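What you see is a predicted model, and the numbers here were worked out from it, not measured in a lab. To find a chain, count down the sequence lines: A is the first, B the second, and so on, and within it residues start at 1.
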There are 2 protein chains.
Amino acid sequence: MTEDTQSGRRAAPASPATLDDVARRAGVSPATASRALGDHPHVAVATRARVREAAEALDYVASPEATRLAGGPTGRVAVLVPHPARWFFGELIEGLEAALRAADLDLVLFRVGGPEERAAFFDRLPARRKVDAVVVLAFAVAEDEHDRLASLGVDIVVAGGRAASYPSVGVDDHGAGRQAMDHLIHLGHRRIGMIAVENTGRLAPDPDGRTSAWRAALGDAGIAPADELLVTVPWGGEGGADGMARLLGLRTPPTAVFAHDDETALGAVRTLRRAGLRVPEDLSVIGVDDHPLAALADLTTVAQPVREQGRRAGELVAAGLRGELRERVPPAELLPTRLVLRRTTSPPGAPR
Amino acid sequence: MTEDTQSGRRAAPASPATLDDVARRAGVSPATASRALGDHPHVAVATRARVREAAEALDYVASPEATRLAGGPTGRVAVLVPHPARWFFGELIEGLEAALRAADLDLVLFRVGGPEERAAFFDRLPARRKVDAVVVLAFAVAEDEHDRLASLGVDIVVAGGRAASYPSVGVDDHGAGRQAMDHLIHLGHRRIGMIAVENTGRLAPDPDGRTSAWRAALGDAGIAPADELLVTVPWGGEGGADGMARLLGLRTPPTAVFAHDDETALGAVRTLRRAGLRVPEDLSVIGVDDHPLAALADLTTVAQPVREQGRRAGELVAAGLRGELRERVPPAELLPTRLVLRRTTSPPGAPR
DNA sequence: TTGAAAGCGCTAACAA
DNA sequence: TTGTTAGCGCTTTCAA
């Protein structure tokens with residue numbers, strides 16, 4: 001008792017236990033120990049129990065290097081992130097980390113900004129299989145990239161976006177855009193501007209469908225989308241501010257604006273305030289995301305469960321690695337978005 | 001030419017070249033090839049060149065698993081992050097990633113929130129030497145944790161904070177706090193509140209020194225720090241909003257507030273606006289960080305170079321792994337902070 | 001159901 | 001300066 005208390009958690013021996021140690025302690029051969037620990041068939045239950053016990057007692061953790069070298073999995077998954085510092089990606093990462101950790105997988109982070117970096121990554125990865133799977137955050141993967149990885153036995157999953165030929169978790173961006181636009185239209189707005197952001201590193205234009213939602217919603221309401229009302233800016237608050245300034249410079253400015261995301265929307269609001277305009281009395285603004293600071297700014301938005309997308313993606317990876325997804329690519333998984341009413345939208349020209 | 005164009009970048013052979021392949025092609029033994037590639041001494045320059053060439057031609061990349069198994073380094077660095085989704089940590093990660101990538105090191109991310117998680121991490125890591133070094137983001141490491149890692153040959157570096165016994169990169173938080181407080185005092189404020197945030201997972205109270213700066217600045221100005229003016233809240237905008245509400249509830253509210261960070265400050269501003277108070281005419285607010293959204297909100301703040309802290313930490317790790325830091329722990333590296341004047345501070349009771 | 005033996009790709013003595 | 005010889009810790013045939 002005294003000893004236990006004194007030694008504290010300094011249980012681990014100086015040099016980690018090996019499989020041989022476990023085998024010896026369990027009175028079996030290393031081969032059997034390996035099979036027992038790896039949940040292979042044809043191992044007597046009693047034996048398996050004994051080995052498990054020994055491993056437990058010795059605080060045994062398999063060496064990933066040795067495992068991999070001998071043909072096993074690495075226990076690692078690569079996560080490709082365009083912008084680790086942005087809230088959206090941070091949330092995705094946090095969700096992913098939780099799921100991967102639960103599955104006892106390590107998360108190796110790679111920042112992959114532009115197309116060249118992406119190409120460099122996909123080029124090098126196959127050379128040495130450092131990971132068992134790749135999670136791509138919010139951008140599409142080219143067919144050939146996918147094929148290459150697949151042929152190497154590396155799973156691939158997309159989080160924060162959609163994909164056709166491989167598992168993905170995201171939201172229906174077009175639908176989210178419709179929620180925002182329909183809200184504005186429902187309030188009575190007819191001249192609605194859109195601040196879209198430049199899509200860097202994505203394959204298709206408007207891959208998230210928000211811009212197409214702007215167009216479609218307008219069309220459905222019998223309003224012809226005026227191209228001058230669609231401005232495209234670099235991502236971020238400053239971009240949003242610039243976009244709003246451009247919209248304000250129009251002969252007939254819009255009465256409401258749908259911004260690609262909350263940070264862009266916040267920038268737009270800043271421009272309006274600086275111009276002495278009241279929000280929402282003079283002009284309504286809506287974003288997408290439900291960024292934590294959107295609440296502080298009372299920004300009306302369409303919320304999406306970002307961390308949850310990361311978590312689900314992580315779960316898909318884990319399932320895939322366990323062989324549960326073999327041969328059947330699950331369809332793109334879409335998580336629900338919802339309109340969050342706050343104080344930056346109101347009927348045109350009317351106080352709320 | 002035609003062929004080159006057609007084959008594109010599909011240069012890599014199905015199964016990667018091994019060291020043996022390289023050795024064979026260069027006409028030397030694997031051992032020599034290993035030495036040549038590893039920049040070991042006692043290798044004829046000609047031989048080294050020949051081996052390099054062969055490796056190049058074969059597109060050779062060493063197997064990290066085999067390397068590690070044979071006693072070499074893993075080429076991996078663990079990064080311990082309390083909150084991956086927060087701006088501050090995201091920036092740190094982005095800087096780190098850049099530096100580690102430049103050094104050809106992989107970044108393995110671990111979310112380490114509370115003390116228990118931290119303990120769990122440090123407990124397990126030794127068992128499976130999966131990484132060569134550990135970078136701890138913005139929280140202190142206990143002596144024994146450090147010792148354990150050090151004795152295992154795992155380097156440790158702190159980013160976004162200070163540390164005594166191991167390399168660290170951060171800012172002088174006390175100094176930053178003084179910059180903020182001195183600004184307020186210089187403007188003529190004498191009743192200055194402080195919104196501090198609960199320190200989760202840190203070892204010492206007020207480890208970043210901002211609160212002590214509040215106290216010290218007041219003392220130096222001949223003002224007795226009133227305890228009621230110091231409120232502590234959970235991190236984030238909501239916390240800041242609550243903190244401000246508490247301050248407003250005081251019999252005599254402060255005329256200025258120093259918030260622990262920009263997000264907290266933004267929350268404080270929200271409360272003020274909702275209360276119908278003007279910022280800065282009725283009450284000044286200052287934060288720390290220079291969060292991108294602080295600019296949008298015209299928040300006066302003390303800027304700190306966050307990404308740069310990550311980058312420097314990564315460089316330190318790389319240098320340490322190259323053996324350049326052996327035996328001489330570099331002193332805590334402190335990057336400069338600077339006051340960024342915007343529109344949330346002004347003399348008390350006066351329009352700006 | 002279990003064991004023995006042969007590597008996985010690399011590095012590190014120890015010789016030559 | 002270079003080659004030879006052993007492993008690092010694990011998985012996996014192949015036999016028993």
| field | OP1 or OP2 of C:dT2 under 4.0 Å from side-chain N/O of A:Thr47 | value | yes
| task | Could you check which residues of residues 66-76 of chain A get a heavy atom under 4.0 Å from DNA chain C? Sort them by number, please. | result | A:Leu69, A:Ala70
| note | Comparing B:Glu65 with A:Ala44, nearest DNA chain C nucleotide closer to 5' gives the residue A:Ala44
| said: Among residues at least two apart in sequence or on other chains, which ones pass salt bridge (Lys or Arg N to Asp or Glu O under 4.0 Å) with A:Glu94? | reply: A:Arg307, B:Arg111
| query | NA contact type, B:Ala31, heavy-atom cut-off 4.0 Å: base, sugar-phosphate, or nothing? | reply | base
| task | Provide the full list of salt bridge (Lys or Arg N to Asp or Glu O under 4.0 Å) pairs with a residue in residues 72-84 of chain A, sequence neighbours left out, each pair given once. | result | A:Arg76-B:Glu65
| request: Answer yes or no: is there a side-chain heavy-atom contact under 4.5 Å between B:Leu109 and B:Ile93? | output: yes
| task | Return the residues of residues 33-41 of chain A meeting this criterion: a heavy atom under 4.0 Å from some atom of DNA chain D. Order them by number, or give none. | result | A:Ser34, A:Arg35, A:His40
Let me know the distance between [atom1] of [X] and [atom2] of [N], rounded to the nearest Å.
X: B:His42; N: C:dC14; atom1: NE2; atom2: P; result: 15 Å
X: B:Asp20; N: C:dC10; atom1: CG; atom2: P; result: 7 Å
X: A:Arg50; N: C:dT1; atom1: CZ; atom2: P; result: 14 Å

| query | Do you know which two heavy atoms are closest between A:Arg25 and A:Ala57, and how far apart they sit? | reply | NH1-CB, 3.5 Å
| query | Taking all non-hydrogen atoms of both residues, which atom of B:Thr18 and which atom of B:Tyr60 are closest, and how far apart? | reply | C-CE1, 3.6 Å
Which side-chain N or O atoms in residues 34-43 of chain A pair as donor and acceptor under 3.5 Å with protein atoms at least two apart or in another chain?
unit_1  : atom_1 : unit_2  : atom_2 : d
A:Asp39 : OD1    : A:Arg48 : NH1    : 3.4
A:Asp39 : OD1    : A:Arg52 : NH2    : 2.8

Using the test side-chain hydrogen bond (donor to acceptor under 3.5 Å, both in side chains), find all partners of [X] that sit at least two apart in sequence or belong to another chain.
X: B:Thr32; answer: B:Ser29
X: A:Asp132; answer: A:Thr74, A:Arg129
X: A:Glu308; answer: A:Arg311
X: B:Thr67; answer: none

| task | Taking heavy atoms of chain B and a 4.0 Å limit, find me the 5'-most and 3'-most nucleotide of DNA chain D within that range. | result | D:dT1 to D:dG9
| task | Working to the nearest 0.5 Å, report the span between CZ of A:Arg24 and CG of A:Leu58. | result | 9.5 Å
| Non-neighbouring partners of A:Ala103 that pass side-chain contact (heavy atoms from CB on, under 4.5 Å), sequence neighbours left out | A:Leu105, A:Ala318
| Candidate list B:Val112, B:Val136, B:Leu137, test side chain to side chain contact (heavy atoms under 4.5 Å, CB included), partner B:Pro82, passing option | B:Leu137
| said: Rounding to 10°, can you tell me the angle the first-five-pair axis of the helix from C:dT1-D:dA16 to C:dA16-D:dT1 makes with its last-five-pair axis? | reply: 30°
